[in-house]
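In what follows, a single structure is set out as structure tokens and then discussed.
Indexing begins at 1, ligand by ligand and atom by atom, following the structure's order.
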Amino acid sequence: MGSIVLFGPPGAGKGTQAQRIMEHTGLPQVSTGDMLRAAVKMGSPIGLEAKSFMDKGALVPDDVILGLIKERIQHDDAANGVMFDGFPRTIPQAEALSNLTEITHVLAIEVPDERIVERICGRVTCGACGKVFHDTFNPVPPEGCECGSFQEKRRVDDNEATVLTRLDAYHVQTSPLADWYRSRGLFHSVDGDRDIADITDDLLNILN
Ligand code: ADP
Ligand code: ZN
């Protein structure tokens, strides 16, 4: 196989779809955001460097991100490819990635800016299993998460002020990647402003 890139603005639903696609393709999700948050939590040197950027909603420097990715794709579970979520986010990251692994599909999830803020500002994840919920659009069931040990987790950068900075970073630094991948024949996009299951169906159709 090869690797897949999930592309789209913050709050587009990349993580939600990554989990659903993983069940079908077996490709592990590689989320640079999750890796960075783990590093921040551990207090590692990478975490200490990344934290100030993340808290502001700015992108973490490319060399930090590429260091994490190079290490991650050495793991055994990445042998048949991975599903990148939140990476690459700049042209230099995409260029570096093209020398590390073959990308077969870039799947863009399109969501208009005005929907992003409301989506991000109600976001909850289960700290035990990582499943993503939303207060309004995908609430945690009354019996809790299906993993059986629901722990409510909310991200510190999921607030209105930081979301606007993250959106700006997306438009200025990340969205040029759409044309970069389009010109290489790898770019596919789906409307992300619909039911979660309908989006998954479209994404799986593109992969099949
Ligand atoms: P979202 O896509 O919802 O903004 P992520 O969890 O993907 O959230 O990323 C959170 C933060 O981590 C970003 O705002 C940024 O600071 C940092 N980050 C994650 N991935 C990258 C990347 N590939 N390049 C630079 N910074 C990144
Ligand atoms: Zn759970």
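- Hydrophobic cluster membership for F150: V124, F133, V140 (Ile, Leu, Val, Met, Phe, Trp, Tyr linked by side-chain heavy atoms under 4.5 Å, directly or transitively).
- At least one donor-acceptor pair under 3.5 Å links the side chain of T200 to the backbone N or O of I196.
- When non-hydrogen atoms are compared, ligand 1 lies under 4.0 Å from the backbone of M54 as well as from its side chain.
- Among protein heavy atoms, atom 20 (N) of ligand 1 sits closest to T32 OG1, 2.7 Å.
- Panel note: side chain D191, backbone D193; a donor-acceptor pair is recorded below 3.5 Å.
- Of all the atoms in ligand 1, the ones that sit under 4.0 Å from a non-hydrogen atom of G11 are 3 (O).
- Under a 4.0 Å criterion applied to the non-hydrogen atoms of Q93, ligand 1 contributes the atoms 22 (C), 23 (N), 24 (N), 25 (C).
- At a heavy-atom cutoff of 4.0 Å, ligand 1 is contacted by no atom of R119, backbone or side chain.
- In this view, D168 satisfies the salt bridge (charged side-chain N to carboxylate O under 4.0 Å, His left out) rule with no residue, not counting sequence neighbours.
- Counting protein heavy atoms only, atom 26 (N) of ligand 1 is closest to V60 N, 3.0 Å.
- Near A58, meaning under 4.0 Å from any of its heavy atoms, are these atoms of ligand 1: 15 (C), 16 (O).
- Seen from the ring of F7, R89 does not count as a face-on cation partner, given the 6.0 Å and 45° thresholds.
- Judged purely by atom type and a 3.5 angstrom limit, T25 uses its side chain to pair as donor or acceptor with the backbone of I21.
- Proximity of a side-chain donor or acceptor of H105 to a complementary backbone N or O of L107 within less than 3.5 Å is not detected.
- Relative to the ring axis of W180, R184 places its NZ or CZ within 45° and under 6.0 Å from the centre.
- Taking any N or O of D157, backbone or side chain, none lies under 3.5 Å from an N or O belonging to ligand 1.
- Listed by chain and residue number, the protein N/O/S atoms under 2.8 Å of the Zn ion (ligand 2) are C126 SG, C129 SG, C145 SG, C147 SG, with waters left out.
- Comparing R166, K51, R89 by heavy-atom distance to atom 2 (O) of ligand 1, the nearest is R89.
- Of all atoms in ligand 1, numbered sequentially from 1 with element shown, those under 4.0 Å from a heavy atom of I65 are 21 (C), 22 (C), 23 (N), 24 (N), 25 (C), 26 (N), 27 (C).
- L27 is connected to L6 through a chain of hydrophobic side-chain contacts under 4.5 Å among Ile, Leu, Val, Met, Phe, Trp and Tyr, so both are in one cluster.
- Short contacts between ligand 1 and K14, defined as distances under 4.0 Å to a heavy atom of the residue, involve ligand atoms 2 (O).
- Those atoms of ligand 1 that come under 4.0 Å of a heavy atom in G86, given as number and element, are 20 (N), 21 (C), 22 (C), 23 (N).
- Below 4.0 Å from some heavy atom of R155 lie the following atoms of ligand 1, by number and element: 1 (P), 3 (O), 4 (O), 5 (P), 6 (O), 8 (O), 10 (C).
- Listed by chain and number, the hydrophobic cluster partners of V132 come to none, as no ILVMFWY side chain reaches under 4.5 Å of it.
- A donor-acceptor contact shorter than 3.5 Å links the side chain of T32 to the backbone of G86.
- Counting heavy atoms under 4.0 Å from ligand 1, residue L36 touches it through the side chain alone.
- With F53 as the aromatic partner, K56 meets the cation-pi criteria of under 6.0 angstrom to the ring centre and within 45 degrees of the ring axis.
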| side-chain contact (heavy atoms from CB on, under 4.5 Å) between D55 and D157: does it pass, once the steps are laid out? | CA-CA 6 Å; D55 286 349; D157 62 344; 5.8 Å; no

